[in-house]
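Here the structure is laid out as structure tokens; the discussion comes afterwards.
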Number of protein chains: 4
Amino acid sequence: MMRAATLQDGGKARISAAAIELFGRKGYDATTIRDIAETAAMSLGALYRHYANKDELGRALYAEAIALWSERLLDSAAGLDDPAARLRAMTKFFCRAFDRDPNLFAFLLLNQHGPARSFDPKAANPLKVLEAEIRRGEQDGRILPGNRHLRALCVMGAVLQPAASYSRAGKTGLGALAEEIAAAAIRAAGVIEPTRRSGAVIQ
Amino acid sequence: MMRAATLQDGGKARISAAAIELFGRKGYDATTIRDIAETAAMSLGALYRHYANKDELGRALYAEAIALWSERLLDSAAGLDDPAARLRAMTKFFCRAFDRDPNLFAFLLLNQHGPARSFDPKAANPLKVLEAEIRRGEQDGRILPGNRHLRALCVMGAVLQPAASYSRAGKTGLGALAEEIAAAAIRAAGVIEPTRRSGAVIQ
Amino acid sequence: MMRAATLQDGGKARISAAAIELFGRKGYDATTIRDIAETAAMSLGALYRHYANKDELGRALYAEAIALWSERLLDSAAGLDDPAARLRAMTKFFCRAFDRDPNLFAFLLLNQHGPARSFDPKAANPLKVLEAEIRRGEQDGRILPGNRHLRALCVMGAVLQPAASYSRAGKTGLGALAEEIAAAAIRAAGVIEPTRRSGAVIQ
Amino acid sequence: MMRAATLQDGGKARISAAAIELFGRKGYDATTIRDIAETAAMSLGALYRHYANKDELGRALYAEAIALWSERLLDSAAGLDDPAARLRAMTKFFCRAFDRDPNLFAFLLLNQHGPARSFDPKAANPLKVLEAEIRRGEQDGRILPGNRHLRALCVMGAVLQPAASYSRAGKTGLGALAEEIAAAAIRAAGVIEPTRRSGAVIQ
DNA sequence: TATGAATGAGCTTTCATTCAT
DNA sequence: AATGAATGAAAGCTCATTCAT
């Protein structure tokens, strides 16, 4: 009746799963603590044993997942050197992540909510990973110089907006578009064409 | 005590201004009707003279503004022919619009909420304008062929994500970054370099 | 555009007609002052020129109509001497009154509401007319002796309950049943059979 | 602090008691959920644990009580055969029921309100019991033939109107008048005098 | 320790009444 | 004098949080 995780953590995993599903699907504000407890097949009191209140729950889940994803995002490009290849891998990571758990994706990267607003801007997050990627490429002369933070935002947006569209439509299957999204993201990043490393770039 | 707008419309403009500010800043769900009435320096009941309920208020404001912005977005590229120039103009339009009213921008383009969810998908909207732009460029051979809807989403994301970042930070001044955002958007769109119209493009 | 009555009374008749229709049809509590003003094609302020508030309006209409009906109820038996004939005439009066204006009938005799509850118990009302009728018959030896007030209530009920049923069903046409209702009312009243004036009566 | 009923049903009985008292005394519309909660010595929210909303509360109480009373009304004549005796027993049942709980009586039989209006017309109710009684007597030749439904309404009215009067006056003690009310009801029903079974009846 | 009934502040909405125009 | 926009108390209902059991 209970999954392994439950036996180990007293139900915290069930709470996470339930909360993320609901936060992603219905939005943070529209999700009630009762919703979560019921979905997690758990009593209200039990839920409050793990999290002091709704906000703390939201914040903790958000922070944990963002940290994890930041790490995995970086890992997804492990072993690759070429900026284009690295960005392509990362884009594919996002697409797969969306297809695997659209609700978590929405909660982490698409929806606006209290937990996201109050998230520590100094903590690791996917945007910073992308920014580091841009910096790296720039320093290697393989990405056009410029405002790295801004460039990272543009790349991020090129990847997230298709996901936002699919999310709103209740669809998955972003993986099938990963190549084309990656191409746009790489162009947005300002990756310089391999054959013309020190030459002209589009635009 | 009353502003010019009020004298003309009986307070509807004050409601719009208040609602948009709050919807944009705090989110739709987190904004209460009382919030809006207080911000509009108006009684609760007076609000209901203009809008039947919160949802209708949200929907009406959203629909009106989206229609207006779609039109203005298209107008912003009037007289320009080159896809790059057109996209640059549109990007600048977005940046200026953000700087002028970041809350309206957030309400219209950044936040998820009921009114956006229930918006008629057949009605004009900024994404469709961008998609038309891509189609046009593609047909002229000045934009790489591909999934136009997806490409439009990527371009949209490249423009919106910087705005989302500024919005979260409570900053304005996106106009100063318009050129660089435009460059990324144009690259994301797959605009072909003028000098190499039928040649290779990055990546 | 205005009826004669209006020209004479400044619209008070329009208010009466509107209020009675709505009080009878939707109930007193469920009828709003705005409803009444709109139905009477009159402004809110104008309405308040005639009646200080909703309660006074309700009370005044109720009191006026009850007084008028009490008079007419008595008149309906004018010229008749036999108790049975008199009660039959009165029952027919009720049935016709219901058919003519079911809403007024409901407001006056069927529905519970503040104005009815606060009505001066010493004022003339249909029940007292019936009670006088019973008294008269009793004193003449043509109606069984007993608790006259109670007997009047029973007669009243025998007449009103069919009307209540029709009212709930939204039907009219009580006139067609007047004879049979009258027969029951006369029996309930304890009218002694003409041929056996000093003899036994049913039960 | 808590009554026995509470210990058994978690407060549902306290809600019923409070709601019926207030619905009966002040009317359904004029009774607020807050009224009920306070009278039941219970919080607002607790009430909603038992009933989804005010309407459901009203409907449930009405339906349950009507069903119970219909049964008890029939039972009150158990073992009796003579129509007059049966109607007398039923009338006494009504009078005792009024004396025992005038507010419940008012809620069930005197007042107009949403729950009564939306009550399933096919479900058992006191009027149908009376109608069956009339039918039975008619078929036995001990009640005058005629429109049975109408006759039942007249009988019902003869019984209810005295209760309505007492209710408005805030009095009880209808039991003392039961015999006389019963006599009127029996006459209204058209019960034929035992000694003149096939003979003439009043009027 | 675990439960979920209970709490009540706060939400959206209605409407009798007032009063500036 | 006449209007109806404005007011705000109060309604029905929700839900984060507490706490007796």
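Keep in mind the model is a prediction, meaning the values are calculated, not measured. Below, chain A is the first sequence line, B the second, and so on; all start at residue 1.
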Take atom [atom1] of [X] and atom [atom2] of [N], then tell me their distance rounded to the nearest Å.
X	N	atom1	atom2	result
C:Tyr51	F:dA2	OH	C1'	18 Å
A:Lys26	F:dT14	NZ	P	13 Å
C:Asp35	E:dA16	CG	P	8 Å
C:Leu47	F:dT3	CG	C1'	13 Å
D:Lys54	F:dT14	NZ	C1'	18 Å
B:Ile33	F:dA10	CD1	P	21 Å
B:Arg14	F:dA5	CZ	C1'	12 Å
C:Tyr28	E:dA16	OH	P	9 Å

Say you draw a straight line from [atom1] of [X] to [atom2] of [Y]; how long is it, rounded to the nearest 0.5 Å?
X	Y	atom1	atom2	answer
A:Arg25	A:Asp35	CZ	CG	8.5 Å
A:Ile33	A:Tyr48	CD1	OH	4.0 Å
A:Ile66	A:Asp120	CD1	CG	12.0 Å

inquiry  = Taking the nucleotide of DNA chain F with the nearest heavy atom to each, does D:Asp55 or A:Ala52 sit closer to the 5' end?
reply    = D:Asp55

For [N], which nucleotide in any strand shown is its Watson-Crick or wobble partner with both distances under 3.5 Å?
N	result
F:dA1	none
F:dT17	E:dA6
F:dG12	E:dC11

query = How far apart are the closest heavy atoms of C:Phe23 and C:Gly58, and which atoms are they?
reply = CE1-CA, 4.1 Å

inquiry  = Would you call the rings of B:His113 and B:Tyr28 parallel, tilted or perpendicular, taking 30° and 60° as the class edges?
reply    = tilted

note = The residue, B:Asp29 or D:Ala41, whose nearest nucleotide of DNA chain E is more 5′ is D:Ala41

message = Let me spell it out: for each of A:Gly45 and C:Tyr48, pick the nucleotide of DNA chain E with the closest heavy atom. Which residue's pick is nearer the 5' end?
response = A:Gly45

ask   = To the side chain of D:Thr32, which of F:dT7, F:dA9, F:dG12 is closest?
value = F:dG12

query = E:dT13, F:dT7, F:dA2: which one has an atom nearest the side-chain heavy atoms of B:Ser43?
reply = F:dT7

task = Report yes if at least one side-chain N or O of C:Arg34 is closer than 4.0 Å to OP1 or OP2 of E:dC15; otherwise report no.
result = no

